[in-house]
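Down below is the structure, laid out as structure tokens.
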Amino acid sequence: MSTPSHYRYVNPSGRNPRDSPLARDYQRRVAAGETVPPELCHPEISRPPTRRESQRRLDDKIKSYENDLIRLKRRRNTWSPISDLPSEVLSDIFLLSFLSSADSEAQLHRKALPENVRLSISHISYAWRTVALNSPELWATIHIRDTTKTTILALALQNSKGMPIAIEAHAIHNNIECVRRVLLTIPSRVKSLSLETESGAMRSILPNLQACKGMLNSLVLKNCGAAVGHLPGAGSILYMPNLRKLTLLGWTTFTSPSSPRPSAVVHLEVSSPQSTIIRPLLTYLRNAPRLKELTFSLETESQTHEEEVGIELPRLEHLCLRMKPRVLSTFLSAIRVFPTKHTPLLATISPMEADGADSITKAQSIVTSIHDLCVRSQFPAPSILSLGNTLSLFPLGTIEDNPLGISVIITAPLEEGLPSACQVSTTLDHFELHTAFHPSVRDWWFSRLDLISIWHPPPLEFWKALARAPTLRLLDFCVTERNDCFLQGLRDGLDKGGAAAALAERDSNYPGLESITVTFKGSGPITWDVDYARDLALLLRTRVKKLSELSFYGVSTQLASIKQDTTTYELLNHTSSTGIDWHSQIPEVFW
């Protein structure tokens with residue numbers, strides 16, 4: 001029996017009959033309850049859908065509903081207050097959050113991953129993702145670790161949209177090829193490279209830096225493995241024409257070209273575990289006329305006794321040194337700086353513990369070296385001198401944390417009419433810092449002194465020398481015992497010459513002194529604070545010129561108790577033209 005004509009179905013395309021227009025018309029009529037013409041009743045059209053076809057229909061409906069839900073959520077997000085921010089402001093917020101993660105990453109770079117912050121931002125919402133992907137500065141810093149994938153690098157390079165790139169590659173052991181790939185892919189866009197890896201990987205990557213010499217502005221190379229010696233291409237890298245900031249950490253030496261051009265480096269930092277770095281560093285400094293900031297740290301004592309002299313650094317403004325005293329003396333004797341009122345010098349010197357050297361020898365070596373540098377460079381003697389205070393009194397920078405030695409900050413000269421300054425600090429209470437100012441250098445240190453702050457009690461000899469300082473106006477010192485060397489020095493004239501001699505030379509000690517600040521320090525309450533203040537007032541009352549200010553800090557006795565003893569209270573007030581200041585708290589900074 002032949003099939004009726006209305007059941008015949010011709011399908012020359014080979015498609016599923018249920019996807020044909022006739023099938024869709026049949027489904028529409030059935031859904032609407034209409035009469036279905038016989039020509040639409042083909043078995044391939046009218047049969048129930050299969051399981052797979054039903055699942056596909058449901059998937060299509062789910063996808064449609066999900067798209068509708070996404071559109072509704074986007075509309076709802078537009079009513080959020082943060083959606084009122086302009087895209088430019090939102091982009092700045094993203095960049096600041098990324099830079100904040102990068103700062104913390106610099107301290108704990110093996111745990112923090114700034115690229116995760118960037119990816120998280122772009123997955124919050126559609127609007128945030130749009131802003132993030134259209135903010136090339138957010139992708140202009142590439143962080144590479146051993147776990148970094150090439151897809152992340154490709155995404156960052158694509159979204160940076162041709163901006164100059166900064167590469168931060170820390171703790172690289174097995175992924176040096178990612179760094180090489182970026183250097184070779186966009187050599188004309190790499191403006192900064194910070195690489196921390198072992199010497200073998202660094203040896204392989206240095207030749208690839210030559211392609212970046214036209215753009216590279218900052219270079220940090222930190223060795224975290226064996227000592228880095230003579231590396232191929234190292235000399236030419238140090239003299240790149242646009243390189244302004246150079247940091248070499250963990251290197252033992254480097255080579256220089258036979259005929260080096262003048263270096264363009266402005267900021268140089270070198271840290272080495274071996275003294276073999278000194279000779280190539282001094283050679284490099286001879287060809288660094290633009291250098292403004294020099295930081296040098298050396299962990300060992302120098303074995304060489306050869307000295308270089310005459311290395312002039314005409315533009316140096318900031319000098320930071322941390323090394324053994326003997327190496328420090330050698331290094332300071334080799335350089336000469338030329339500070340002016342427009343380019344003052346800020347020097348932070350942190351000597352390390354010397355092998356077999358006592359604290360007195362070490363202190364004298366340091367102070368003598370600084371004295372020689374200042375005199376050779378025609379520094380004016382300091383107007384401000386701080387001894388033993390671990391807090392910085394001057395808003396010129398902070399002292400490097402150095403628990404095993406002392407730190408020195410010198411600035412000279414400042415603007416015309418303003419003081420030059422020197423701060424010598426130590427974290428060791430027993431350190432005989434004041435013995436460093438031996439007679440051969442004392443006259444220069446004290447010749448222009450206007451203010452001195454002393455936070456570790458010096459010996460009697462120091463006070464006697466300080467008493468002859470002609471220009472000293474402000475004296476701040478701490479007291480730890482009832483009869484200290486300061487009182488002994490004041491009393492010495494009365495004991496030897498009697499009252500007549502004291503009246504004849506009553507202002508020969510501290511002739512220009514106008515203000516005294518005394519800070520009591522002790523492990524417990526100071527029960528002798530009033531007795532000390534009374535003795536000081538008795539020794540100062542013979543002066544022709546009264547003090548303009550007399551202050552006591554760290555006291556235990558209340559001022560009301562002193563006022564009850566009218567004799568003592570009047571004696572203290574008579575010493576100063578403005579009376580006395582009596583405080584139980586110890587201030588951090590006086591000036």
Side-chain angles (χ1 to χ4, degrees), residues 95 99 102-103 106 137 140-144 160 162-170 179 182-183 186-197 202 205-223 228 231 233-251 254-257 259-272 277 280-297 311-321 335 337-340 342-348 396-397 400:
L95 182 59
L99 294 178
D103 289 342
E137 61 276 2
T141 301
I142 298 178
H143 295 265
I144 302 177
S160 60
M163 288 191 65
I165 293 294
I167 303 174
E168 302 282 345
H170 292 291
V179 181
V182 176
L183 293 178
I186 52 168
S188 61
R189 292 174 54 193
V190 178
K191 69 171 183 179
S192 172
L193 171 63
S194 177
L195 176 62
E196 178 189 359
T197 185
M202 193 174 294
I205 204 68
L206 285 183
N208 301 120
L209 289 176
Q210 294 295 334
C212 307
K213 63 181 181 180
M215 173 63 74
L216 196 62
N217 180 271
S218 174
L219 179 61
V220 179
L221 298 176
K222 181 178 181 180
N223 171 45
V228 179
L231 296 182
S236 56
I237 289 174
L238 306 183
Y239 291 90
M240 287 183 176
N242 294 315
L243 189 62
R244 297 294 182 268
K245 183 177 181 180
L246 175 63
T247 303
L248 303 177
L249 306 178
W251 286 44
F254 54 84
T255 58
S256 298
S259 300
R261 66 177 68 89
S263 169
V265 172
V266 176
H267 305 277
L268 175 63
E269 179 180 357
V270 178
S271 175
S272 177
I277 195 70
L281 176 60
L282 292 177
T283 302
Y284 184 77
L285 292 179
R286 287 189 180 276
N287 297 289
R290 301 183 183 181
L291 194 64
K292 293 184 178 181
E293 181 175 344
L294 172 61
T295 301
F296 181 32
S297 176
I311 299 178
E312 298 183 352
L313 303 174
R315 300 188 182 183
L316 192 66
E317 299 177 6
H318 187 187
L319 175 65
C320 182
L321 302 177
I335 64 174
V337 295
F338 300 87
T340 67
H342 302 293
T343 58
L345 174 71
L346 170 62
T348 304
L396 302 169
E400 180 181 352

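Side chains are part of it too, since the values below use all heavy atoms of this structure and drop only hydrogens, waters and symmetry mates. Residue numbers count from 1 along this sequence.
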(message) So Val265 and Leu238, do their side chains get closer than 4.5 Å, heavy atoms only?
(response)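 In short, these two side chains do not touch, never coming nearer than 4.5 Å.
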At what distance, to the nearest 0.5 angstrom, does [atom1] of [X] lie from [atom2] of [Y]?
X      : Y      : atom1 : atom2 : result
Leu291 : Ile335 : CG    : CD1   : 10.0 Å
Leu195 : Ile144 : CG    : CD1   : 9.0 Å
Leu209 : Leu243 : CG    : CG    : 10.0 Å
Leu216 : Leu193 : CG    : CG    : 6.5 Å
Leu294 : His318 : CG    : NE2   : 9.5 Å
Leu248 : Glu269 : CG    : CD    : 9.0 Å

(message) Is there a side-chain contact (heavy atoms from CB on, under 4.5 Å) between Leu285 and Phe296? Walk through the geometry before answering.
(response) CA-CA 12 Å; Leu285 292 179; Phe296 181 32; over 6 Å; no
Please find the pair of heavy atoms, one from [X] and one from [Y], that lie closest to each other, and give the distance.
X      : Y      : result
Ala264 : Pro241 : CB-O, 3.4 Å
Lys222 : Met202 : O-CE, 3.5 Å
Pro289 : Ser263 : CD-O, 3.9 Å
Gly214 : Asn242 : O-ND2, 2.6 Å
Ala288 : Leu313 : O-CD2, 4.4 Å

Suppose we screen for side-chain hydrogen bond (donor to acceptor under 3.5 Å, both in side chains). Which residues come up paired with [X], at least two apart in sequence or across chains?
X      : result
Arg189 : Ser160
Asn208 : Arg180
Glu137 : Ser91
Ser272 : none

Which residues pass the side chain to side chain contact (heavy atoms under 4.5 Å, CB included) test with [X], not counting sequence neighbours?
X      : result
Val220 : Ser194, Thr247
Thr141 : Phe98, His143, Ala166, Glu168
Ser218 : Ser192, Lys245
Met215 : Lys191

(request) List the steps, then state whether side-chain contact (heavy atoms from CB on, under 4.5 Å) holds for Val270 with Tyr284. (result) CA-CA 11 Å; Val270 178; Tyr284 184 77; over 6 Å; no
